[in-house]
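One structure is given below, encoded as structure tokens.
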Amino acid sequence: MDLVAPTLLLIPPLKQTESLRAFMYRAAEVNAFPRMYAGSAHTLKHAGRLLSQVEGQDPPLGQELRLRLAPTPITKHKAREFLLGEEKIPSSYLRIDARSVCPLCLTKDLWSRSEWELKAYTTCHLHGVSLVNKCDQCHQKLSWSRTEISRCYCGRAFSSMSPASSKDWERKWAKQVHL
């Protein structure tokens, strides 16, 4: 079943390093359409529709979103490349279905950072802890296939999960990879 993305009445402000996909989830949440983008392929499929809606209501924000880790046109529900500004990033460098988060970042501000979507980014450059990719309560992998962007399937808040310490080289690498 192909859902048509409803018109957004509220458009949240864009966060500093938020990706298009993370923005789409927050926009759905503030508009009380939590299931609108549940699932990675479904989210990416509707990226163009959301961009058109945002550009119609707020052209500068729409243009800024087009520069934020956005999928290129999708073939059979999969994006082969993503754009970061004018640069093309192969999807093999990104966490498409899986998610990783820094629980310490989420305790301060509840939004998903685009650097967390990069496979090479495994440690938070701000807190020096490893990103969490599995729930410490139910042990399921974190994914984008959720209606709530801040909780696991079992209901545990990502912000209450305990991250592991990272190694010195991982912290240095994270600072270099940081967007």
Side-chain angles (χ1 to χ4, degrees), residues 5-40 42-44 46-72 79 82-87 89 91 93-133 142-152 157-161 163 171 174-179:
T7 302
L8 299 177
L9 298 175
L10 302 171
I11 298 176
L14 184 62
K15 301 293 185 172
Q16 186 179 2
T17 64
E18 187 172 37
S19 69
L20 173 61
R21 175 167 48 178
F23 178 83
M24 290 172 72
Y25 270 82
R26 278 194 325 107
E29 192 171 70
V30 300
N31 283 279
F33 302 133
R35 294 208 51 83
M36 185 161 65
Y37 300 122
S40 177
H42 191 69
T43 301
L44 299 176
H46 292 290
R49 289 182 193 161
L50 178 118
L51 282 169
S52 295
Q53 281 188 35
V54 171
E55 284 177 332
Q57 293 180 40
D58 187 342
L61 176 59
Q63 288 303 311
E64 178 63 26
L65 278 170
R66 287 191 183 276
L67 301 176
R68 300 285 183 104
L69 206 54
T72 57
F82 283 70
L83 295 175
L84 182 58
E86 298 296 318
E87 297 293 321
I89 300 173
S91 61
Y93 288 35
L94 302 171
R95 294 180 180 102
I96 301 296
D97 296 316
R99 286 190 71 192
S100 288
V101 300
C102 173
L104 302 177
C105 285
L106 293 175
T107 60
K108 294 178 183 166
D109 202 2
L110 195 58
W111 57 277
S112 191
R113 283 71 170 161
S114 51
E115 56 266 26
W116 298 346
E117 295 186 39
L118 298 171
K119 287 181 181 177
Y121 190 85
T122 60
T123 296
C124 177
H125 73 282
L126 295 173
H127 299 106
V129 296
S130 295
L131 297 182
V132 172
N133 61 9
L142 306 184
S143 82
W144 284 100
S145 298
R146 295 284 304 125
T147 56
E148 286 189 71
I149 61 171
S150 61
R151 295 189 177 276
C152 177
F158 294 157
S159 60
S160 25
M161 294 181 183
R171 291 188 291 277
K175 287 179 182 178
Q176 290 187 358
V177 172
H178 174 62
L179 301 175

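For this chain, numbers begin at 1 and follow the sequence in order.
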| task | Just do the side chain to side chain contact (heavy atoms under 4.5 Å, CB included) check on Leu142 and Phe158 with the steps written out, would you? | result | CA-CA 9 Å; Leu142 306 184; Phe158 294 157; 3.4 Å; yes

| query | If we only count heavy atoms from C-beta on, is the Gln57 to Ile11 side-chain gap below 4.5 Å? | reply | yes

| said: Taking ring pair (Phe, Tyr, Trp, His ring centres under 6.0 Å) as the definition, give me every residue that meets it alongside His125, ordered by chain and number, with sequence neighbours left out. | reply: His178

| query | Are Glu64 and Leu14 side-chain neighbours, meaning at least one heavy-atom pair lies under 4.5 Å? | reply | yes

| message | I'd like to check Pro103 versus Pro163 (side-chain heavy atoms, cut-off strictly below 4.5 Å). Are they in contact? | response | yes

| query | Which heavy-atom pair separates Val132 from Met161 by the least distance, and what is that distance? | reply | CG1-SD, 3.7 Å

| Taking side chain as C-beta onward, heavy atoms only, is Leu50 less than 4.5 Å from Phe23? | yes

| task | Over all heavy atoms of both residues, which pair between Cys105 and Leu126 is shortest? Give the atoms and the distance, please. | result | SG-CD1, 4.3 Å

| said: Holding to salt bridge (charged side-chain N to carboxylate O under 4.0 Å, His left out), I want the full list of residues that pass it with Arg171, two or more places apart in sequence or in another chain. | reply: Asp168

| said: Counting C-beta onward and ignoring hydrogens, is there a side-chain heavy-atom pair between Arg99 and Glu117 closer than 4.5 Å? | reply: no

| query | Would you find a donor on one side and an acceptor on the other, under 3.5 Å apart, between the side chain of Glu18 and the backbone of Lys15? | reply | yes

| field | Pairwise side-chain contact, Val129 with Thr123, heavy-atom cut-off 4.5 Å (strictly under) | value | no

| side-chain contact (heavy atoms from CB on, under 4.5 Å) against Leu10, all qualifying residues, sequence neighbours excluded | Val30, Asn31

| request: Report, as yes or no, whether the 6.0 Å neighbourhood of atom NZ on Lys175 holds more than 12 heavy atoms from other residues, nucleotides or ligands. | output: no

| remark: When every non-hydrogen atom of Ser150 is compared with those of Leu110, the smallest separation belongs to CB-CD1, 3.5 Å

| field | Partner residues of Trp116 under the side-chain hydrogen bond (donor to acceptor under 3.5 Å, both in side chains) criterion, sequence neighbours left out | value | none

| query | Which residues pass the side-chain contact (heavy atoms from CB on, under 4.5 Å) test with Ala157, sequence neighbours left out? | reply | Arg151, Ser159, Ser160

| query | By side-chain contact (heavy atoms from CB on, under 4.5 Å), which residues pair with Ser100, not counting sequence neighbours? | reply | Arg95, Leu131, Asn133

| query | What distance separates Thr17 OG1 from Glu115 CD, expressed to the nearest 0.5 Å? | reply | 4.0 Å

| Euclidean distance, Leu67 CG relative to Leu20 CG, rounded to 0.5 Å | 11.0 Å

| Flag, side chain of Arg113 to backbone of Cys102, donor-acceptor distance under 3.5 Å | no

| note | Heavy-atom nearest pair, Leu61 first then Pro12, reads CD2-O, 4.3 Å

